[in-house]
Amino acid sequence: MMLTVLALTPLVGALVLAFWPRSADPRSAKAVALLVSVVALVLAIVIALQYDPGAGYQFVEEREWIPAIGAHYALGLNGIGLTLVLLTTILTPLVILAAWGDRLPDPSRTNSYLAWMLALEGLAIGVFAATDVFLFYVLFEATLVPLYFLIGAYGGAGRSYAAVKFLIYNLVGGLLMLAAIVGLYALTAEAGEPSFLHSDLLGLEIGEGTERLLFLGFFIAFAIKAPLWPLHTWLPDAAASASASTSVLMVSIVDKIGTFAMIRWCLEIFPGASQWASPVVLILAVVSILYGALLAIGQDDLRRLIAFTSVSHFGFIILGIFAFTTLSTAGATLYMFNHGLSTAVLFLVTGMMIARRGSARISDFGGVQKVAPLLAGVLLIGGLSSLSLPGLAPFVSEFMVLAGTFTVSRPLAVAATLGIILAALYILLMYRRTMTGPLAPGSEGVRELDRREVAALAPAVVLIVALGFVPQPLLSVIEPALGPVVAAVSDGDPVPTHPVEAGASEGAHE
């Protein structure tokens, strides 16, 4: 019952806030939302402390839900799911604390704004814990509702267009996945008793052509969510129109559902089709890395810049997943967590900058470190984390992805490495234009971070630094869960060969 209680905690909090009197002091609704999110974090930590990395799925709950179609209410956590549940419960209270000062179109609707945030947290926890694909689909689609309203009702200019575009893209992906789920139902019904349980779908005998079609139905839905080039175009518009808090929930948490699901459902249920698709997916991942980085360099909008950096980073994650090595897949999973932290810091601190300056244009800033050195320092840490500076959390995960990919395809690994160089360009150029040089007209009003804002940013910054030096606590949870996944899609990790040794071997054969 622990996972049910964990998922229900923010959902019940959302329900309470939905009926909170609009005439009440908004601070009371904010306090309730923060308290509920902290309770969820405490529950997640309790679950993490009881988790045994070597014991497979734990905290399992399973009962019949819709017997006529074989659907179950089934929850369970392995190391991958636990990592992302922790990310969700860590970031949500920070987001709510940062959103304390958000300027909403209608301040009297603060309670519903926070209610949608808590609802999204509860649904995301359910998605990461679901071990029945039908339940997963229901929760996967349900996450669209809070995000649609968070963008469309509480965003800035262009919010209606961005919300509708976000919804259409993701609904199309969801419909494709639904068609594939219907196909799975037909296959399990033919084999005996229909079931959507992850354990029953493992090893299901599926014809080659059918497996590939079902894989595509799932993969396209997840590639839209992730997002992977060329299915990414909804993200920059959504990030530019949403509040900073909403962008964190969207990019750091909800978009991770796509990459998480590629491991849980694509690789494990359709291993043959995953191998078949991997050459194309690896190329698309590298294109995403380079395309996102190049477009980030040319942005003048802070929010769109961060969105394009995320397209690039998700390319690294998908590259690691579809390289099918233990090292790259573990790196990709760790990257999901680390990217969530670094992107949260970037979105929140730039959101604070935008609120102070009244503009998201990089060209409207300049010399801000003269009036707000602490704010500038946090932006620098977030930016250096995003470019994977050694000593900060994303470096370890990015190195693992590239090292694992190198043993599979040197050309793709080398091409992906160019993304690191481009990342240095877009981050350092952004920092130089906004923080250094003479104080730009209008930037004198950019005040320093206050105590609440420091409290919202500090935990993520501390984790970024700590995990940069000591990533093993997370890796010790992640790696045992990936053994069966890698075994399903590969014959073992390839052994890298040194170029000199390879040349000597070829000369000996001659």
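Positions are given from 1, in the same order as the sequence printed here.
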Hey, does the side chain of [X] reach the backbone of [Y] with a donor-acceptor pair shorter than 3.5 angstrom?
| X | Y | answer |
| --- | --- | --- |
| Gln299 | Leu295 | yes |
| Arg433 | Asp300 | no |
| Ser385 | Ile381 | no |
| Glu479 | Ala330 | no |
| Trp234 | Ile224 | yes |
| Lys256 | Val251 | yes |
| Thr92 | Thr89 | no |
| Thr343 | Gly340 | no |
| Arg303 | Ala240 | yes |
| Arg159 | Tyr154 | no |

Working to the nearest 0.5 angstrom, can you tell me the gap between [X] [atom1] and [Y] [atom2]?
| X | Y | atom1 | atom2 | answer |
| --- | --- | --- | --- | --- |
| Leu6 | Leu11 | CG | CG | 10.0 Å |
| Tyr51 | Ile47 | OH | CD1 | 12.0 Å |
| Thr436 | Phe365 | OG1 | CZ | 13.5 Å |
| Met352 | Glu448 | CE | CD | 11.5 Å |
| Leu384 | Leu379 | CG | CG | 9.0 Å |
| Leu389 | Ile464 | CG | CD1 | 11.5 Å |

Parallel, tilted or perpendicular, as decided by the 30° and 60° cut-offs, for the rings of Phe136 and Trp265: tilted

Parallel, tilted or perpendicular, as decided by the 30° and 60° cut-offs, for the rings of His339 and Phe314: perpendicular

So which atom in [X] and which in [Y] form the shortest heavy-atom distance, rounded to 0.1 Å?
| X | Y | answer |
| --- | --- | --- |
| Thr259 | Ala226 | CG2-CB, 4.2 Å |
| Leu91 | Ser252 | CD1-CB, 3.6 Å |
| Leu114 | Leu17 | CB-CD1, 3.9 Å |
| Leu387 | Ala424 | CD2-CA, 3.9 Å |
| Ala221 | Gly174 | CB-N, 4.4 Å |
| Ala332 | Val401 | N-CG2, 3.6 Å |

Chi angles and distances behind the side-chain hydrogen bond (donor to acceptor under 3.5 Å, both in side chains) call for Ser28, Trp20: CA-CA 9 Å; Ser28 60; Trp20 202 260; 3.1 Å; yes

Residue pair Arg361, Ser363: steps toward the side-chain hydrogen bond (donor to acceptor under 3.5 Å, both in side chains) verdict: CA-CA 5 Å; Arg361 295 180 61 193; Ser363 55; 3.3 Å; yes

Side-chain contact, heavy-atom cut-off 4.5 Å: [X] with [Y]?
| X | Y | value |
| --- | --- | --- |
| Lys225 | Leu144 | yes |
| Leu341 | Val345 | no |
| Phe395 | Asn338 | no |
| Leu290 | Val286 | yes |
| Thr246 | Ile151 | yes |
| Leu135 | Leu75 | yes |
| Met353 | Met435 | yes |
| Tyr113 | Ser243 | yes |

Ring centre gap for His232 and Tyr291 strictly below 6.0 Å: yes

Between Tyr169 and Thr233: side-chain donor-acceptor atoms closer than 3.5 Å: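 Present: a donor and an acceptor within the cut-off.
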
Criterion side-chain contact (heavy atoms from CB on, under 4.5 Å) on Ile257 and Thr143, from CA distance to verdict: CA-CA 10 Å; Ile257 293 172; Thr143 59; 4.3 Å; yes

Phe399 atom CZ, neighbour heavy-atom count above 12 within 6.0 Å: no

Check against side-chain contact (heavy atoms from CB on, under 4.5 Å), Ser386 and Leu346: CA-CA 8 Å; Ser386 183; Leu346 281 177; 3.8 Å; yes

Pair Thr4-Glu61, side-chain hydrogen bond (donor to acceptor under 3.5 Å, both in side chains): steps then yes or no: CA-CA 8 Å; Thr4 296; Glu61 303 174 32; 2.4 Å; yes

Chi angles and distances behind the side-chain contact (heavy atoms from CB on, under 4.5 Å) call for Phe222, Phe140: CA-CA 10 Å; Phe222 303 150; Phe140 179 89; 4.0 Å; yes

Phe337 and Ile478: CA distance, side-chain angles, deciding distance, side-chain contact (heavy atoms from CB on, under 4.5 Å) verdict: CA-CA 11 Å; Phe337 189 93; Ile478 292 168; over 6 Å; no

